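As the structure is a computational prediction, the values presented were derived from the model and not from experiment. In what follows, chains are A, B, ... by sequence order, proteins preceding strands, each numbered from 1.
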Amino acid sequence: MRVATWNVNSVRARGDRIAAWLERADVDVVAIQETKCRDDQFPESVFTGLGYEVAHHGLSQWNGVAVASRVGLTDVQVAFPGQPGWGDPAAAEARAIGATCGGVRVWSLYVPNGREVDDPHYVYKLEWLEQLRAAARDWLAEDPGAQIALCGDWNVAPEDGDVWDMAEFEGKTHVTKLERDAFRAVVEAGYTDVVRPHAPGPGVYTYWDYKGLSFPKRKGMRIDFLLASPALAARVSGARIDRDERKGKGASDHAPVIVELA
DNA sequence: ATGGTGGTGCCACCA
């Protein structure tokens with residue numbers, strides 16, 4: 001079985017490209033982030049036309065997450081328990097959806113960006129990661145043998161080698177100690193980054209800004225991860241970042257990340 | 001040498 005995570009940066013602007021990638025990559029399950037649409041705008045046929053079932057959660061033109069699967073899709077859950085909200089009054093944004101696919105509990109997660117270190121969105125980001133950690137810890141406490149995949153755009157570069165130049169990130173988000181601590185806390189709750197051993201850095205990225213020719217200049221960041229519970233991590237036989245999908249006209253600014261399960 | 005979205009016809013917001 002093959003499971004992927006991909007921030008598509010608009011499912012409507014990239015329907016053809018997503019369909020072509022699904023055919024090429026031959027994945028069984030894909031967790032998608034940044035669909036940038038409401039449920040009533042979601043182009044289901046992109047997925048159903050290729051034999052996938054799909055569950056989407058989108059509330060506006062911002063955020064939006066989905067899980068598509070051709071190995072079954074049941075027990076769809078929108079938001080994780082305790083997921084923090086944003087706004088006044090605080091309301092959960094469309095940043096998390098879970099579904100069981102082929103025996104694996106798949107979560108598609110879009111961690112808040114944080115914007116600037118002195119921005120309220122940064123505090124929100126840290127709280128969001130902390131509550132995700134608590135929820136993920138509880139899932140494993142309930143069933144230590146559960147196969148759980150925490151897939152998504154984490155908006156954190158956990159290691160210095162996960163950005164092209166640490167000097168350029170002085171005082172910036174994605175690399176601060178608090179963000180890295182929050183990410184590591186999820187790992188320490190029992191969830192392993194199963195891609196890094198198969199795609200070691202430094203200089204191995206999943207995201208390249210559209211601005212300033214970042215991709216050809218190899219100025220990227222590794223911020224998309226698939227973290228696996230112990231029972232799922234034990235099944236991982238390979239993983240790769242599909243850097244080629246970042247090439248050409250109409251690409252998302254994120255590359256898909258693919259994990260192979262035995 | 002940025003791109004997506006939505007409300008308006010270029011600009012604001014988000015990344």
Under 3.5 Å, which N/O atoms of the protein pair with N/O atoms of nucleotides 8-10 of chain B?
none

Close N or O pairs between protein and nucleotides 5-7 of chain B (under 3.5 Å):
{"from": "B:dT5", "atom 1": "OP1", "to": "A:Ser10", "atom 2": "OG", "distance (Å)": "2.6"}
{"from": "B:dT5", "atom 1": "O3'", "to": "A:Arg12", "atom 2": "NH2", "distance (Å)": "3.4"}
{"from": "B:dG6", "atom 1": "OP1", "to": "A:Arg12", "atom 2": "NH2", "distance (Å)": "3.3"}
{"from": "B:dG6", "atom 1": "OP1", "to": "A:Gln41", "atom 2": "NE2", "distance (Å)": "3.4"}

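Put simply, A:Arg95 has a side-chain N or O that comes within less than 4.0 Å of OP1 or OP2 on B:dA15.
The separation between A:Lys211 atom NZ and B:dC14 atom P is 14 Å, rounded to whole Å.
Considering CG of A:Leu226 and CG of A:Leu232, their distance stands at 7.5 Å, rounded to 0.5 Å.
A donor atom on one side chain and an acceptor atom on the other are not found under 3.5 Å apart for A:Gln61 and A:Arg12. Counted by atom type alone, A:Asn113 and A:Lys125 present zero donor-acceptor pairs between their side chains at under 3.5 Å.
You'll find the ring centres of A:Phe183 and A:Tyr191 outside the 6.0 Å limit. Centroid-to-centroid, the aromatic rings of A:Trp128 and A:Trp86 stay 6.0 Å apart or farther. Annotation: A:Trp208 is not in aromatic contact with A:Trp164 [ring centroid separation under 6.0 Å not met].
Taking a pair as Watson-Crick or G-U wobble with both distances under 3.5 Å, DNA chain B forms stems of 3 or more consecutive pairs at B:2-6 with B:11-15.
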Applying side chain to side chain donor-acceptor pair (under 3.5 Å) to A:Arg222 and A:Thr206, what does each step give before you reach the verdict? CA-CA 5 Å; A:Arg222 190 201 287 249; A:Thr206 64; over 6 Å; no
Could you check A:Ser108 against A:Gln33 for side chain to side chain donor-acceptor pair (under 3.5 Å), going step by step and ending with a plain yes or no? CA-CA 7 Å; A:Ser108 181; A:Gln33 300 86 38; 3.0 Å; yes
